[in-house]
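The structure under discussion appears below in the form of structure tokens.
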Amino acid sequence: MECRAVGRFIGIPARKARLVVDLIRGYGISQAIDTMKFTKKYAAKVVEKILKSALANAQHNHGAKNVDRLFVKEAFVNQGPTTKRFRPRSLGRANTIRKRSSHITIVLTEKESTR
């Protein structure tokens, strides 16, 4: 059983979101959520929300009964579209401001039983 949750067009640069997502790869679901609660980055709130969405998908769509066996199999961030804005500068010039976005994907799966 493999379930996923994708957050698309998140207003965080992919480079900054990757720092947070790298913290939870391979962790159990409860430990990953706790890690996100105590991480002082803006992206941590968004990643926690996507983690909870993946957990809800596992319970509702795949009927996962034992939540303690779930762990983060894959977690990655892809770059989304960049919105371009312009800022006036001296002598009639303009500078480009790039507002980057990202797509965050989290895949959960169950650990194999060791019996």
Side-chain angles (χ1 to χ4, degrees):
M1 183 225 26
E2 201 174 85
C3 58
R4 66 175 45 218
V6 181
R8 300 189 68 213
F9 304 104
I10 307 295
I12 303 168
R15 187 172 172 182
K16 292 181 180 181
R18 281 188 192 111
L19 294 173
V20 174
V21 169
D22 289 343
L23 295 174
I24 61 166
R25 196 174 291 117
Y27 280 13
I29 187 71
S30 58
Q31 188 178 2
I33 290 174
D34 288 344
T35 303
M36 289 300 102
K37 281 184 183 173
F38 297 109
T39 302
K40 291 184 177 183
K41 291 272 190 185
Y42 176 75
K45 289 182 183 179
V46 178
V47 172
E48 181 183 0
K49 188 174 179 181
I50 297 169
L51 267 172
K52 289 180 179 178
S53 176
L55 177 61
N57 288 344
Q59 291 173 335
H60 184 267
N61 299 342
H62 299 288
K65 302 289 184 210
N66 194 356
V67 178
D68 298 329
R69 294 180 58 198
L70 291 174
F71 75 100
V72 180
K73 180 182 176 186
E74 293 179 31
F76 56 90
V77 180
N78 293 327
Q79 188 170 346
T82 301
T83 307
K84 296 182 178 81
R85 299 286 183 258
F86 295 97
R87 207 59 207 172
R89 295 297 178 200
S90 63
L91 302 175
R93 296 187 176 102
N95 281 1
T96 307
I97 306 295
R98 293 180 204 88
K99 296 183 178 265
R100 300 178 189 270
S101 67
S102 57
H103 305 310
I104 303 172
T105 305
I106 295 178
V107 180
L108 300 179
T109 189
E110 283 188 1
K111 290 181 185 174
E112 298 298 323
S113 60
T114 56
R115 292 185 201 197

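- A pairwise comparison of heavy atoms in L19 and L23 identifies O-CG, 3.6 Å as the closest pair.
- Shown here are the side chain to side chain contact (heavy atoms under 4.5 Å, CB included) partners of T83, two or more places apart in sequence or in another chain: R85, K99.
- If you take CD1 on I29 and CD on E110, they are separated by 12.0 Å, rounding to the nearest 0.5 Å.
- Scanning both residues, E2 and K73, for their nearest heavy atoms gives OE2-NZ, 2.6 Å.
- Across every non-hydrogen atom of H62 and C3, the tightest pair is CD2-CB, 3.4 Å.
- Taking the ring pair (Phe, Tyr, Trp, His ring centres under 6.0 Å) definition, one finds that F9 meets it with H103, sequence neighbours left out.
- Atom-to-atom distance recorded for K40:NZ and K45:NZ is 12.0 Å, nearest 0.5 angstrom.
- Remark: H60 NE2 to L55 CG distance equals 13.0 Å, nearest 0.5 Å.
- In this structure a side-chain-to-backbone donor-acceptor pair under 3.5 Å is present from T109 to M1.
- Proximity of a side-chain donor or acceptor of T105 to a complementary backbone N or O of F76 within less than 3.5 Å is not detected.
- One distance of note links CD1 of I104 with CD1 of I12; it measures 5.5 Å at 0.5 Å rounding.
- Under the 4.5 Å side-chain heavy-atom criterion for Ile, Leu, Val, Met, Phe, Trp and Tyr, I33 and V67 are members of the same hydrophobic cluster.
- Counting heavy atoms from C-beta on, the side chains of V72 and L108 come closer than 4.5 Å.
- Partner of V47 under the side chain to side chain contact (heavy atoms under 4.5 Å, CB included) criterion, out of T35, V21, T39, V77: V21 alone.
- When the shell of 6.0 Å around CZ of R25 is examined, it contains more than 12 heavy atoms from other residues, nucleotides or ligands.
- Considering every non-hydrogen atom in both A43 and A17, the closest pair reads CB-CA, 4.1 Å.
- Counting heavy atoms from C-beta on, the side chains of T96 and F86 come closer than 4.5 Å.
- The nearest pair of heavy atoms linking P81 to S101 is O-OG, 2.6 Å.
- Using a 4.5 Å heavy-atom cutoff, the side chains of Q79 and R100 are in contact.
- Note: K16 NZ to S102 OG = 11.0 Å, rounded to the nearest 0.5 Å.
- When all heavy atoms of I106 and A54 are compared, the closest pair comes out as O-CB, 4.4 Å.
- Summarising the geometry, atom CG belonging to L51 is positioned 11.0 Å from atom NZ belonging to K37; distances are rounded to the nearest 0.5 Å.
- Residues R4 and N57 fail the side-chain proximity criterion, which asks for heavy atoms closer than 4.5 Å.
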